[in-house]
Amino acid sequence: MRVETTVNDVSFFKHHRKVEHKDRHVTRELAPLKKTIYSLIDLREIMLGCNQRCLAFLSSQDDPSEGERDLQRLSQPRIGSEPSVKGLKFFDATEQTLLRTLHLGKFAIHGWLAAR
(Lines give C-alpha, C1' and ligand atoms only; values in the text may rest on other atoms or scores of the structure.)
Protein backbone atom coordinates (compact mmCIF):
# COMPACT_ATOMS: atom_id res chain seq x y z
CA MET A 1 0.00 0.00 0.00
CA ARG A 2 1.30 3.42 -0.89
CA VAL A 3 -0.08 6.56 0.73
CA GLU A 4 0.35 9.83 -1.10
CA THR A 5 -1.01 13.32 -0.53
CA THR A 6 -1.55 15.89 -3.25
CA VAL A 7 -2.04 19.56 -2.41
CA ASN A 8 -3.31 22.11 -4.89
CA ASP A 9 -3.54 25.08 -2.52
CA VAL A 10 -0.57 25.08 -0.12
CA SER A 11 -1.62 28.40 1.41
CA PHE A 12 -4.12 26.42 3.52
CA PHE A 13 -1.18 25.29 5.67
CA LYS A 14 0.63 27.66 8.03
CA HIS A 15 4.26 27.68 9.14
CA HIS A 16 6.73 30.00 10.87
CA ARG A 17 8.67 32.06 8.36
CA LYS A 18 10.08 35.51 7.71
CA VAL A 19 7.36 37.91 6.62
CA GLU A 20 8.25 41.16 4.89
CA HIS A 21 5.68 43.87 5.59
CA LYS A 22 4.74 46.81 3.35
CA ASP A 23 6.88 49.20 5.36
CA ARG A 24 9.89 46.92 4.64
CA HIS A 25 10.43 45.62 8.18
CA VAL A 26 10.79 41.85 8.52
CA THR A 27 9.29 39.71 11.28
CA ARG A 28 9.14 35.99 11.89
CA GLU A 29 5.55 34.80 12.36
CA LEU A 30 3.01 32.14 11.53
CA ALA A 31 2.02 32.66 7.89
CA PRO A 32 0.53 30.67 5.02
CA LEU A 33 2.88 28.49 2.99
CA LYS A 34 3.91 29.89 -0.36
CA LYS A 35 4.12 27.75 -3.47
CA THR A 36 7.85 28.20 -3.85
CA ILE A 37 10.91 26.00 -3.62
CA TYR A 38 11.72 27.58 -0.23
CA SER A 39 8.58 26.08 1.33
CA LEU A 40 9.27 22.51 0.19
CA ILE A 41 10.92 21.42 3.44
CA ASP A 42 8.02 22.66 5.56
CA LEU A 43 5.47 21.26 3.11
CA ARG A 44 7.21 17.88 3.19
CA GLU A 45 6.99 17.77 7.01
CA ILE A 46 3.30 18.73 6.97
CA MET A 47 2.45 16.13 4.31
CA LEU A 48 4.47 13.47 6.11
CA GLY A 49 2.39 14.15 9.23
CA CYS A 50 -0.82 13.89 7.17
CA ASN A 51 0.28 10.55 5.72
CA GLN A 52 1.27 9.20 9.13
CA ARG A 53 -2.10 10.17 10.62
CA CYS A 54 -3.86 8.54 7.66
CA LEU A 55 -1.88 5.31 8.12
CA ALA A 56 -2.54 5.33 11.87
CA PHE A 57 -6.26 5.66 11.20
CA LEU A 58 -6.24 2.86 8.62
CA SER A 59 -4.28 0.55 10.91
CA SER A 60 -6.80 1.10 13.72
CA GLN A 61 -9.64 -0.32 11.59
CA ASP A 62 -10.65 -3.91 12.27
CA ASP A 63 -11.09 -6.46 9.52
CA PRO A 64 -14.74 -7.59 9.71
CA SER A 65 -14.30 -10.53 7.32
CA GLU A 66 -13.63 -13.09 10.09
CA GLY A 67 -16.79 -12.07 11.97
CA GLU A 68 -18.80 -12.17 8.75
CA ARG A 69 -17.55 -15.72 8.06
CA ASP A 70 -18.50 -16.80 11.60
CA LEU A 71 -21.96 -15.25 11.28
CA GLN A 72 -22.47 -16.96 7.93
CA ARG A 73 -21.38 -20.29 9.41
CA LEU A 74 -23.73 -19.95 12.41
CA SER A 75 -26.75 -19.01 10.30
CA GLN A 76 -26.37 -21.96 7.88
CA PRO A 77 -27.87 -25.34 8.79
CA ARG A 78 -25.52 -28.31 9.11
CA ILE A 79 -27.23 -31.20 7.41
CA GLY A 80 -25.60 -34.58 7.06
CA SER A 81 -23.47 -34.20 10.17
CA GLU A 82 -24.26 -35.94 13.45
CA PRO A 83 -26.24 -34.35 14.94
CA SER A 84 -27.90 -32.16 12.31
CA VAL A 85 -28.12 -28.54 13.45
CA LYS A 86 -30.42 -25.83 12.15
CA GLY A 87 -28.94 -22.39 11.54
CA LEU A 88 -29.65 -19.52 13.93
CA LYS A 89 -31.96 -16.74 12.81
CA PHE A 90 -30.52 -13.77 14.72
CA PHE A 91 -33.47 -11.46 14.00
CA ASP A 92 -36.21 -13.92 15.01
CA ALA A 93 -37.75 -13.08 18.44
CA THR A 94 -37.66 -16.70 19.66
CA GLU A 95 -34.04 -17.11 18.63
CA GLN A 96 -33.11 -13.83 20.35
CA THR A 97 -34.66 -15.09 23.59
CA LEU A 98 -32.59 -18.26 23.29
CA LEU A 99 -29.40 -16.30 22.62
CA ARG A 100 -30.04 -13.96 25.58
CA THR A 101 -30.62 -16.97 27.84
CA LEU A 102 -27.42 -18.63 26.63
CA HIS A 103 -25.54 -15.41 27.33
CA LEU A 104 -26.52 -15.33 31.04
CA GLY A 105 -23.59 -15.87 33.36
CA LYS A 106 -25.33 -18.34 35.67
CA PHE A 107 -24.86 -21.11 33.09
CA ALA A 108 -21.11 -20.53 32.72
CA ILE A 109 -20.12 -22.99 35.49
CA HIS A 110 -22.35 -25.98 34.78
CA GLY A 111 -22.98 -25.52 31.07
CA TRP A 112 -25.96 -26.71 29.10
CA LEU A 113 -27.45 -30.16 28.68
CA ALA A 114 -29.26 -30.97 25.47
CA ALA A 115 -32.85 -32.18 25.88
CA ARG A 116 -33.40 -35.58 24.35
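All residue numbers in this chain count up from 1 along the given sequence.
- The NE2 atom of H16 sits 10.0 Å away from the CD atom of E29 when rounded to the nearest 0.5 Å.
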request  = Could you please spell out the steps behind the side chain to side chain contact (heavy atoms under 4.5 Å, CB included) verdict for T5 and L48?
outcome  = CA-CA 9 Å; T5 305; L48 182 63; over 6 Å; no
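- If you chain together ILVMFWY residues whose side-chain heavy atoms come under 4.5 Å of each other, L40 ends up grouped with I37, Y38.
- L88 contributes atom CG, which lies 11.0 Å from atom CD of Q96 (distance to the nearest 0.5 angstrom).
- There is no path of hydrophobic side-chain contacts, each under 4.5 Å, that joins V26 to V19.
- Residues forming a side chain to side chain donor-acceptor pair (under 3.5 Å) with R69 (at least two apart in sequence, or on another chain): none.
- Within the structure, every pair that satisfies the salt bridge (charged side-chain N to carboxylate O under 4.0 Å, His left out) test and touches residues 1-19, not counting sequence neighbours, is listed here: R2-E4.
- By the side chain to side chain donor-acceptor pair (under 3.5 Å) test, E68 pairs with no residue at all, sequence neighbours left out.
- Among residues two or more places apart in sequence or in another chain, the side-chain contact (heavy atoms from CB on, under 4.5 Å) test is passed with T97 by T101.
- Counting only residues at least two apart or on different chains, no salt bridge (charged side-chain N to carboxylate O under 4.0 Å, His left out) pair has a member in residues 38-51.
- Remark: S75 pairs with no residue by the side chain to side chain donor-acceptor pair (under 3.5 Å) rule, at least two apart or across chains.
- One hydrophobic cluster holds both L55 and F57 under the rule that ILVMFWY side chains link at heavy-atom gaps under 4.5 Å.
- With sequence neighbours excluded, the residues satisfying salt bridge (Lys or Arg N to Asp or Glu O under 4.0 Å) with E20 are R24.
- Linking ILVMFWY side-chain heavy atoms closer than 4.5 Å, directly or via other members, places L33 and L30 in two distinct hydrophobic clusters.
- Here K35 pairs with V10 under the side-chain contact (heavy atoms from CB on, under 4.5 Å) rule; sequence neighbours left out.
- Nearest heavy-atom pair, I79 versus S84, reported as atom, atom and distance to 0.1 Å: CA-OG, 4.2 Å.
- Partners of D23 under the side-chain contact (heavy atoms from CB on, under 4.5 Å) rule, at least two apart in sequence or in another chain, are H21, H25.
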inquiry  = I'd like to know whether V7 forms a side chain to side chain contact (heavy atoms under 4.5 Å, CB included) with F13, so could you lay out the CA-CA distance, the side-chain angles of the two residues, the decisive distance to 0.1 Å, and finally the verdict.
reply    = CA-CA 10 Å; V7 180; F13 300 103; 3.9 Å; yes
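- Taking D70 as the reference, E66, R73 meet the side-chain contact (heavy atoms from CB on, under 4.5 Å) condition, with sequence neighbours excluded.
- A salt bridge (charged side-chain N to carboxylate O under 4.0 Å, His left out) check over residues 87-98, counting only residues at least two apart or in different chains, returns the pairs K86-E95.
- In terms of heavy-atom proximity, P32 sits nearest to S11 at CB-O, 3.4 Å.
- Using a 4.5 Å heavy-atom cutoff, the side chains of S39 and H15 are in contact.
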